[in-house]
Amino acid sequence: MHVVFLGPPGSGKGTQAKLLAERLQVPDIATGEMLRAAVLEGTPLGGKAKAVMESGDLVPDDLMIALIRERLTAPDAADGFVLDGFPRTVDQAVALERILNGNEKSVDVVVNLAVPEATLIDRLAGRAGLEHRADDGRHTVLERLKVYHEKTEPLIDFYRKRGLLKEVDGIGTVPEITERLGNALAEGRPARGVA
Ligand code: AMP
């Protein structure tokens, strides 16, 4: 099972992606976590990503595509994955299709966790205090949401047109959303959207 998680920052997709990956027994591939690890380790990628991440912008597509291409060759990803945080642009989504098609695989389902903007801002402001993420300052939070709307939100239509999209209401407790997500995935392949 190859699952992609979409959803704005603060939608809870990281939590749900981890839980789903455990259930499916596939790796949870979270590009934000990979980048934060690279920054801590001081690798060349970390050096290039640090300031971009702190500003709330996206790390350039070529770096991200190379990172994911390499990660998907690891043996643990041979039978599936949950992707959390990739793709974030249409170019990344097209690259992902090419990488998977090259291995006679494809994305099976794309989950979009939908959460209203005001709730996202509240959640992200709360997280700044709890998790000490360098990119959770107020200015960065607003920038990340703006970047999400401009660059990542178009992926909802991209995957809807491919008949892969499942929309899940992201308001509620973690167990409630997990259950909703489980039900949405159990419904089988969604109908192909009207372009
Ligand atoms: P996340 O933990 O998914 O919210 O990611 C944190 C930050 O890492 C983002 O705000 C981006 O700066 C960067 N990042 C993570 N994944 C990607 C990606 N697929 N493309 C570009 N930048 C990314």
Side-chain angles (χ1 to χ4, degrees), residues 2-21 27-74 77 81-100 107 110-115 117 119-156 158-159 170 174 177:
H2 303 85
V3 184
V4 166
F5 253 82
L6 294 180
S11 61
K13 70 181 160 49
T15 303
Q16 293 298 331
K18 272 196 192 79
L19 291 169
L20 180 64
D28 165 42
I29 300 180
T31 43
E33 280 176 18
M34 293 168 78
L35 291 172
R36 283 188 287 280
V39 170
L40 283 178
E41 285 163 23
T43 66
L45 172 64
K48 288 179 194 145
K50 187 170 188 286
V52 183
M53 291 169 77
E54 284 172 6
S55 76
D57 206 346
L58 295 182
V59 174
D61 283 340
D62 57 338
L63 296 179
M64 295 311 300
I65 291 165
L67 180 71
I68 212 75
R69 184 190 300 279
E70 154 118 45
R71 179 65 186 85
L72 294 186
T73 62
F81 51 67
V82 175
L83 276 186
D84 164 17
F86 188 99
R88 257 183 161 94
T89 64
V90 170
D91 283 354
Q92 290 182 14
V94 170
L96 177 64
E97 276 186 343
R98 290 212 182 105
I99 294 168
L100 291 175
V107 170
V110 177
V111 176
N112 183 47
L113 269 191
V115 175
E117 188 90 358
T119 311
L120 296 174
I121 294 174
D122 284 353
R123 284 189 189 173
L124 289 165
R127 185 164 84 184
L130 293 174
E131 291 183 14
H132 304 292
R133 274 179 51 164
D135 57 355
D136 274 345
R138 184 173 171 78
H139 175 76
T140 309
V141 162
L142 296 178
E143 184 61 24
R144 288 171 69 207
L145 286 171
K146 185 171 150 244
V147 168
Y148 166 78
H149 289 305
E150 278 173 11
K151 298 186 178 161
T152 308
E153 211 167 29
L155 291 178
I156 296 176
F158 178 94
Y159 284 121
V174 170
I177 297 163

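Both ligands and their constituent atoms are indexed starting at 1 by order of listing.
- Numbered from 1 in the order shown, with element, the atoms of ligand 1 that lie under 4.0 Å from a heavy atom of Q92 read 18 (C), 19 (N), 20 (N), 21 (C).
- Taking a cut-off of under 4.0 Å to the non-hydrogen atoms of T31, the atoms of ligand 1 that pass are 15 (C), 16 (N), 17 (C), 19 (N).
- Put simply, CG on L35 and CZ on F86 are 11.0 Å apart, with the number rounded to the nearest 0.5 Å.
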Report task. Could you please spell out the steps behind the side-chain contact (heavy atoms from CB on, under 4.5 Å) verdict for R69 and M64? Result -> CA-CA 8 Å; R69 184 190 300 279; M64 295 311 300; over 6 Å; no
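- Not a single N or O atom of V52, backbone or side chain, sits closer than 3.5 Å to an N or O atom of ligand 1.
- At least one heavy atom of D57 sits less than 4.0 Å from an atom of ligand 1.
- The proximity of L58 to ligand 1, defined as any non-hydrogen pair under 4.0 Å, involves the side chain as well as the backbone.
- Only the side chain of M64 comes within 4.0 Å of ligand 1, counting heavy atoms alone; its backbone N, CA, C and O stay farther away.
- Residues I29 and V82 have side chains not in contact (no heavy-atom distance under 4.5 Å, counting atoms from C-beta outward).
- Considering backbone and side-chain atoms together, D84 places no N or O closer than 3.5 Å to any N or O of ligand 1.
- Heavy-atom contacts of L35 reach the following atoms of ligand 1: 8 (O), 13 (C), 14 (N), 15 (C), 23 (C) (cutoff under 4.0 Å).
- Residues F81 and V3 fail the side-chain proximity criterion, which asks for heavy atoms closer than 4.5 Å.
- Remark: side-chain polar atoms of R144 are not paired, donor with acceptor, to backbone N or O of V141 under 3.5 angstrom.
- Residue R88 holds the heavy atom nearest to atom 9 (C) of ligand 1 of all those in K13, R88, E54.
- Close approach to R144 involves these atoms of ligand 1, each under 4.0 Å from a residue heavy atom: 4 (O), 10 (O).
- Interatomic distance, CD1 of I68 versus CG of L63, reported as 12.5 Å (0.5 Å rounding).
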Does the pair D91 and K151 meet the rule for a salt bridge (Lys or Arg N to Asp or Glu O under 4.0 Å), with working shown?
-> CA-CA 10 Å; D91 283 354; K151 298 186 178 161; over 6 Å; no
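- Contact analysis puts R36 in contact with ligand 1, with a non-hydrogen atom separation below 4.0 angstrom.
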**Q.** Check against salt bridge (Lys or Arg N to Asp or Glu O under 4.0 Å), E33 and K18
**A.** CA-CA 12 Å; E33 280 176 18; K18 272 196 192 79; 3.0 Å; yes
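- Ligand 1 has an N or O atom lying under 3.5 Å from an N or O atom of G85, backbone or side chain.
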